[in-house]
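In what follows, every chain begins at residue 1, and chains take the letters A, B, ... in the order their sequences are listed.
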Number of protein chains: 2
Amino acid sequence: MHTIKEIAEMANVSRSTVSRALNNSGYVSEEARKRINQVIEKTGYVPSEHAKSLRTKKTKVIGVIVPTIHTETSGKIVAGIDHELAKHGYQILLATTNLNRKKELEYLDLLQVRQVDGIILLGTNTQQQLVEKLNTLSVPVVVIGQELEGIISVVNDDEGAAMELTSYLISQGHTRIGFIGVDETDRAVGYMRKQGYLKAMNHHRLPVKSEWMQEAVFDIDSGHDAMQRILQQPNHPSAVFAATDRLAVGAISFLKRADFRIPTDIAVAGIGASEIATYIDPPLTTVEYQYELAGEHAARQILSQASGSTEVHEKIVLDYRLSIRDSV
Amino acid sequence: MHTIKEIAEMANVSRSTVSRALNNSGYVSEEARKRINQVIEKTGYVPSEHAKSLRTKKTKVIGVIVPTIHTETSGKIVAGIDHELAKHGYQILLATTNLNRKKELEYLDLLQVRQVDGIILLGTNTQQQLVEKLNTLSVPVVVIGQELEGIISVVNDDEGAAMELTSYLISQGHTRIGFIGVDETDRAVGYMRKQGYLKAMNHHRLPVKSEWMQEAVFDIDSGHDAMQRILQQPNHPSAVFAATDRLAVGAISFLKRADFRIPTDIAVAGIGASEIATYIDPPLTTVEYQYELAGEHAARQILSQASGSTEVHEKIVLDYRLSIRDSV
DNA sequence: CTGAAAGCGCTTACAG
DNA sequence: CTGAAAGCGCTTACAG
């Protein structure tokens with residue numbers, strides 16, 4: 001690894017001149033520039049990012065905090081972020097919380113210490129402590145998936161999507177509709193989607209039975225078990241709306257095991273348009289969210305904040321699209 | 001953001017002493033330590049990682065280069081890496097090549113410039129230029145998925161897995177077996193898996209017809225199209241081995257669309273044990289690879305190299321397990 | 001157009 | 001046990 005000092009000596013100029021040539025700032029004579037470029041070419045010199053960061057306070061790195069990295073949703077969002085950042089020469093420093101809220105806070109500190117130029121958080125909750133911390137951060141922050149007070153966010157219209165999907169089930173003649181949801185501290189997925197379901201049911205004056213509503217966690221097995229609990233009730237719904245595709249996949253797998261026909265005996269719908277939902281039998285009726293786009297939007301917001309632009313949206317709400325397949 | 005100088009002044013000691021207290025290196029009197037800790041507590045001071053890195057040449061960051069981030073395989077591997085690194089306070093700096101080989105080389109430089117303590121590359125090819133570059137790198141490198149000369153690697157036994165799977169198809173009475181593979185410049189997936197297939201066929205003295213072997217790219221649609229091409233032949237195989245699960249999923253989707261029964265009319269098998277393979281109808285017979293473990297191993301190798309340990313394995317070959325389901 | 005000098009925020013021999 | 005000083009590799013006014 002060469003340093004700017006060595007390059008300067010080899011090119012017979014000062015470090016200042018090399019620096020100016022490197023950054024195209026200030027004047028550098030053609031001759032000097034030529035010699036410098038030759039030396040750089042020959043040595044393969046690249047300036048140290050750390051030294052640069054120390055001086056300029058810029059790192060061209062964006063911290064990204066996700067609950068998990070191996071799920072389809074996170075994967076798509078991170079891909080979207082990366083795609084947009086790469087265009088501008090930025091990179092991602094990754095932090096995975098494994099859904100541990102304490103880690104979420106810790107990583108926020110750690111990323112700040114590493115002087116990232118911005119932080120994108122894939123939000124899983126709206127705990128007060130998080131909101132406060134986020135608001136005190138000195139680097140730009142964008143949250144994806146949750147609306148947090150005072151924080152720039154990119155969100156899905158969870159309530160709208162859930163309402164529309166539930167209304168679709170109703171339009172197909174279902175009146176007894178069950179619900180598999182998640183913990184409401186995840187406001188977007190847990191609370192808003194449930195609200196959408198409840199609103200649609202109320203709007204159509206349909207009964208909502210608490211036995212038909214089960215809470216699960218974010219995995220396929222949990223959807224399986226929730227479906228089982230719903231069917232243990234004496235009379236069961238003719239359709240079930242699961243808050244996520246993975247939950248719906250679990251529900252379907254239980255139904256098939258228990259020899260229910262889908263959708264004849266029980267219809268199932270989810271949200272997320274995961275790949276697995278496309279290939280499961282029967283293909284799942286779901287709502288398509290634009291995760292990659294969410295990541296791109298978030299990256300753009302961070303970038304414009306980092307460059308001091310005022311063109312920042314307080315909140316971006318993404319479009320969704322009902323994807324009707326054979327499970328309903 | 002406070003600096004060490006400010007902390008030193010507030011605690012009435014020198015920067016040196018603060019630094020020693022921070023790093024538990026050298027002597028610091030109890031009194032001094034107490035005052036320093038109080039100040040740190042009060043101010044929430046955290047030392048700048050950049051300044052530190054500039055001095056120590058350590059960053060506690062590992063660069064990870066992947067072809068894509070949103071696929072299940074990459075996701076699991078990165079999760080495994082992250083899991084192991086997090087234990088030791090390291091973080092991942094992510095670089096996605098989108099299968100662009102030029103970017104692979106560029107990112108290698110970029111990560112080195114960013115002074116990462118090590119680089120993990122999820123290998124997709126064995127081009128000479130890459131091997132050479134890797135060998136000249138001054139930071140520790142581990143490659144996952146491909147065996148490269150002179151480079152520490154964590155690999156699957158691709159040939160063995162393919163042989164075993166093909167032999168299983170044969171044991172089920174199949175003699176006309178087709179193959180859907182990928183470009184052989186991906187030596188592990190393209191070449192080794194094909195070799196395993198060919199060896200098993202030869203070993204059982206079964207004919208291999210070139211019309212039954214199709215090349216695809218890494219996605220579901222491509223598997224779909226390859227299956228279609230295979231069936232355009234006058235007489236077709238009774239089983240098809242696809243080099244990856246996603247290819248197999250595509251093949252199945254074509255077969256279903258064309259009203260073939262699986263496995264009665266045609267059996268299908270893949271490699272990878274992807275989640276989608278579990279839930280597709282019929283569930284796919286496949287080979288289970290341990291992607292998360294691969295990531296963990298790679299991280300451990302990088303960490304021990306970075307800490308100058310000599311306990312480094314030149315090559316780790318992971319175990320696999322045949323996962324027999326209903327598609328054969 | 002160019003270079004000397006200061007400074008970014010740390011750590012680490014070294015001298016005391 | 002402690003502090004002054006040098007140095008890591010850059011950039012950026014400033015003076016010429």
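- C:dC14: Watson-Crick or G-U partner is D:dG3, with both key distances under 3.5 Å.
- Under 4.0 Å is where a charged nitrogen must lie from a carboxylate oxygen, and between A:Glu31 and A:Arg35 no such pair does.
- Between B:Ile4 atom CD1 and D:dG3 atom P the separation is 12 Å, expressed in whole Å.
- Within 6.0 Å of CD in B:Gln129 there are 12 or fewer heavy atoms belonging to other residues, nucleotides or ligands.
- Between the P atom of C:dT2 and the CD atom of A:Glu31 lies a distance of 8 Å, rounded to the nearest Å.
- In this structure, A:Thr17 reaches the C:dG3 phosphate: one of its side-chain N or O atoms is under 4.0 Å from OP1 or OP2.
- Between B:Glu184 and B:Arg187 there is no salt bridge, since none of the side-chain N atoms of the basic residue sits less than 4.0 Å from a carboxylate O of the acidic one.
- For C:dG9, the OP1/OP2 oxygens have a side-chain nitrogen or oxygen of A:Lys57 closer than 4.0 Å.
- Using a 4.0 Å heavy-atom criterion, one finds that B:Lys5 contacts no nucleic acid atom at all.
- Residue B:Lys315 places its NZ atom among 12 or fewer non-hydrogen atoms of other residues, nucleotides or ligands, all under 6.0 Å distant.
- At whole-Å resolution of the value, CG in A:Leu54 and P in C:dC10 are 9 Å apart.
- Look at CG on B:Asn12: it is 19 Å from P on D:dC1, rounded to the nearest Å.
- If A:Ser16 and A:Tyr27 are placed on DNA chain C by their nearest nucleotide, the residue sitting closer to the 5' end is A:Tyr27.
- Under 4.0 angstrom from either OP1 or OP2 of C:dG9 there lies no side-chain N or O belonging to B:Thr3.
- Atom CD of B:Gln115 is separated from atom P of D:dG9 by 8 Å (rounded to the nearest Å).
- A:Ser19 comes within 4.0 angstrom of a base, heavy atoms only.
- For the side-chain contact (heavy atoms from CB on, under 4.5 Å) test with B:Ile151, the passing option among B:Leu137, B:Leu121, B:Asn135, B:Leu130 is B:Asn135; the others fail.
- Rounding to whole angstrom units, CD1 of residue A:Ile7 and C1' of D:dT11 are separated by 16 Å.
- What separates CG of B:Leu22 from P of C:dG9 is a distance of 15 Å, to the nearest Å.
- Phosphate proximity of C:dT2 to A:Ser29: present, with a side-chain N or O under 4.0 Å from OP1 or OP2.
- Checking the phosphate oxygens (OP1, OP2) of D:dC8, no side-chain nitrogen or oxygen of B:Thr56 falls inside 4.0 Å.
- Nearer to the 5' terminus of DNA chain D, by closest-nucleotide assignment, is the contact made by B:Val13 (compared with the other of B:Val13 and A:Lys52).
- Across the protein-nucleic acid pair, A:Arg55 atom CZ and C:dA6 atom P stand 13 Å apart, rounded to whole Å.
- Of the listed nucleotides (D:dT11, C:dG3, D:dG7), D:dT11 has the atom at the smallest distance from the side chain of A:Arg15.
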